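Remarks on the structure that follows.
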2 protein chains.
Amino acid sequence: MNSAPKVPIPTLERLATYLRYLIDLEASNVDTISSTEVERQTGINAAQFRKDLSYFREFGKPGVGYNVVELQTRIARILQIDRDQSVIVIGAGNLGSALVGYPGLGEHHFNIVGVFDSSPHKIGTTIFDLDILDVRTLKENNALLRARIAIIAVPASAAQAVAENAAAAGVRALLNFAPIILKVSDRVVVRNVSFLQELAVLSYQIVADVRK
Amino acid sequence: MNSAPKVPIPTLERLATYLRYLIDLEASNVDTISSTEVERQTGINAAQFRKDLSYFREFGKPGVGYNVVELQTRIARILQIDRDQSVIVIGAGNLGSALVGYPGLGEHHFNIVGVFDSSPHKIGTTIFDLDILDVRTLKENNALLRARIAIIAVPASAAQAVAENAAAAGVRALLNFAPIILKVSDRVVVRNVSFLQELAVLSYQIVADVRK
DNA sequence: TAATGTTTGTAATATTTTTCACAAAGTCGC
DNA sequence: GCGACTTTGTGAAAAATATTACAAACATTA
């Protein structure tokens, strides 16, 4: 399906960073930007920026730089966030709730269309205008909701089962907040976010006295 | 200060993963584990595991494997999470609040000792038994709290200023949730968590049809 | 104790990612 | 239009990270 030379994950991560930055630039009425200026403002090497973009044909004009609006549009299209995407959140605890209420998601076309939980105390109640649904009805509900991205914000003990149910319900991508390595089919992509891992690395770095 | 051969960041990240896994193993009364078995259960290459550990002298016994409790203890010490660490949370919105209430942190010796916000509606109120303090008093308060790690959960527009204040207040490490690249002194280490970035990468990967 | 099997630690190799360096393309002032 | 700049896009080099492969260490069985 995808015959393009494969794009490194770090490049994709940086594309998202560039996009944020370009949105700010547009708001400041800057219409052109050079890779050198990107480096000055983001700390990301200018050649890195150019190489990242080079995975997707030409963007810039020699001697001038990049058109802010055009680059923004193209990166958004590459990342598929130029259109609305349905996302479901599984787990309506503190973290799940915070994510449902995070306005940044909607601003970037990630529309949360469903929230699921297993607790009878939560099912049927509402959170940020969304009904909390029974996680046991995930498959039936997602047949209608058609979300391809799920955010897993349940305890570690429930995460693997939830991941499998999500996959069976047609979900193709998981953003996993549970501190566990999920085993899923090749058809499903996973990214993990672990606060503890991040804190642990910082904790080490403080004493290791790493310099930039 | 640190003359040890420098440890790759990916290795540190994996150490945190191993630690979680070892805690589970101990709970299941497993007392010895081999690198092959680690690979089978976590998907992390066995040699990778051994190499990661090799940055910190020997751990295992040829022909046998690794003692679960001992390895756990040593990794915890390496990551400095064998002792209590004070952490402050700046920003008491949905996300900041969720973090304050996240029990996993305390379980791993990350003790949240202070929560700060700028909103007069929040200052003086309580969240999970902690008073919300005025972010303008960060420096004075941290002189007492002595946290070296701060979690930044404020809007992007406030994050840079907050980071600078935290650094001035003696904070040495920042876990930044704001979608912005912080500019801080060499003495401060930063790690960024961006939900949008994670979702954007997933969003790309769904259509790029990446296989493992 | 010897033979067999398992597992570690690491040197060597391979792969991935980043950075360098420069030709080609474009701008600007005169 | 010409010369002096600026900036892109990308091969080539460098650096970082992951994997392979294997000698050495230890266990186990007989």
Side-chain angles (χ1 to χ4, degrees), chain A residues 4-18 22 25 30-68 70-71 74-75 78 181 197 201 204-205 208 210-212, chain B residues 4-18 22 25 30-68 70-71 74-75 78 181 197 201 204-205 208 210-212:
Chain A
K6 76 178 186 312
V7 182
I9 302 277
T11 290
L12 294 172
E13 295 176 348
R14 283 188 298 268
L15 286 181
T17 302
Y18 303 147
L22 289 164
L25 282 178
V30 177
D31 51 55
T32 300
I33 186 82
S34 70
S35 59
T36 324
E37 187 57 24
V38 169
E39 172 164 358
R40 200 154 27 236
Q41 301 215 24
T42 66
I44 297 170
N45 182 289
Q48 181 74 269
F49 174 77
R50 296 200 299 275
K51 175 147 280 199
D52 285 342
L53 297 182
S54 77
Y55 288 101
F56 311 93
R57 310 198 199 82
E58 308 82 50
F59 286 81
K61 250 190 184 164
V64 181
Y66 301 83
N67 179 280
V68 169
E70 192 202 320
L71 188 52
R74 294 192 58 181
I75 294 178
I78 289 166
I181 295 172
Q197 178 174 291
V201 173
Y204 174 88
Q205 291 183 313
V210 252
R211 294 291 162 94
K212 277 169 273 189
Chain B
K6 78 176 184 313
V7 182
I9 301 276
T11 289
L12 295 172
E13 296 175 349
R14 283 187 297 266
L15 285 181
T17 301
Y18 303 148
L22 289 165
L25 282 178
V30 176
D31 52 55
T32 300
I33 185 84
S34 70
S35 60
T36 322
E37 187 56 24
V38 170
E39 171 163 358
R40 201 155 23 237
Q41 300 216 24
T42 65
I44 298 171
N45 181 289
Q48 181 74 268
F49 174 78
R50 298 199 299 273
K51 171 153 276 197
D52 285 340
L53 297 182
S54 77
Y55 288 101
F56 311 94
R57 308 193 200 87
E58 308 82 51
F59 286 79
K61 249 190 183 164
V64 181
Y66 302 83
N67 179 280
V68 169
E70 191 201 322
L71 187 53
R74 295 191 58 179
I75 293 178
I78 289 166
I181 295 172
Q197 179 175 289
V201 173
Y204 174 88
Q205 290 183 313
V210 252
R211 294 291 162 93
K212 276 169 275 189

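Predicted model only: the values in this text are computed from it and were never measured. Note on naming: letters A, B, ... go to the chains in the order of the sequence lines (proteins, then strands), and numbering restarts at 1 for each one.
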Audit row: A:Y55, A:I78, side-chain contact (heavy atoms from CB on, under 4.5 Å) steps and yes/no: CA-CA 11 Å; A:Y55 288 101; A:I78 289 166; over 6 Å; no

Check the pair B:F49 / B:Y66 against ring pair (Phe, Tyr, Trp, His ring centres under 6.0 Å), numbers first and verdict last. CA-CA 11 Å; B:F49 174 78; B:Y66 302 83; 5.3 Å; yes

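Nearest approach of A:R50 to A:S35, heavy atoms of both residues: NH1-OG, 3.0 Å. Contact detail for B:L22 and B:V68: the closest heavy-atom pair is O-CG1, 3.6 Å. For the residue pair A:V30 and A:T32, the shortest heavy atom distance occurs at CG1-O, 3.3 Å.
Separating the CG atom of B:L15 from the C1' atom of D:dT17 is a distance of 15 Å, rounded to the nearest angstrom. One interatomic measurement links the two molecules: CG of B:N67 to P of C:dT8, which rounds to 13 Å at whole-angstrom precision. Between B:L53 atom CG and C:dT7 atom C1' the separation is 13 Å, expressed in whole Å. Atom OH of B:Y66 is separated from atom P of C:dT6 by 17 Å (rounded to the nearest Å). Between the CG atom of B:L12 and the P atom of D:dT17 there is a distance of 10 Å, given to the nearest Å. Taking atom CD on A:E39 and atom C1' on D:dT8, their separation rounds to 15 Å, with Å as the unit. Summarising the geometry, the separation between CZ on A:F49 and P on D:dT7 is reported as 13 Å, rounded to the nearest angstrom. Remark: P of C:dT10 and CZ of B:F59 are 11 Å apart, rounded to the nearest angstrom.
Looking at heavy atoms from C-beta onward, A:K51 lies out of side-chain contact with A:N45 at the 4.5 angstrom threshold. Within the 4.5 Å cutoff, the side chain of A:Y204 has no heavy atoms near those of the B:L15 side chain. A:P10 is listed as a side-chain neighbour of A:R14, based on a closest heavy-atom distance under 4.5 Å.
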Contact letters for nucleotides 15-20 of chain C, in which S counts primed atoms plus P, OP1 and OP2 and B counts the base, heavy atoms under 4.0 Å: --SSBB

Quick one, give me the B/S/- string for nucleotides 24-30 of chain C, reading 5' to 3', where B means a protein heavy atom under 4.0 Å from the base and S means that only happens at the primed atoms, P, OP1 or OP2. -BSS---

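For the pair A:S35 and D:dT8, the criterion of a side-chain N or O lying under 4.0 Å from OP1 or OP2 is met.
A cation-pi arrangement is present between B:R74 and B:F59 under the rule of less than 6.0 angstrom and at most 45 degrees off the ring axis.
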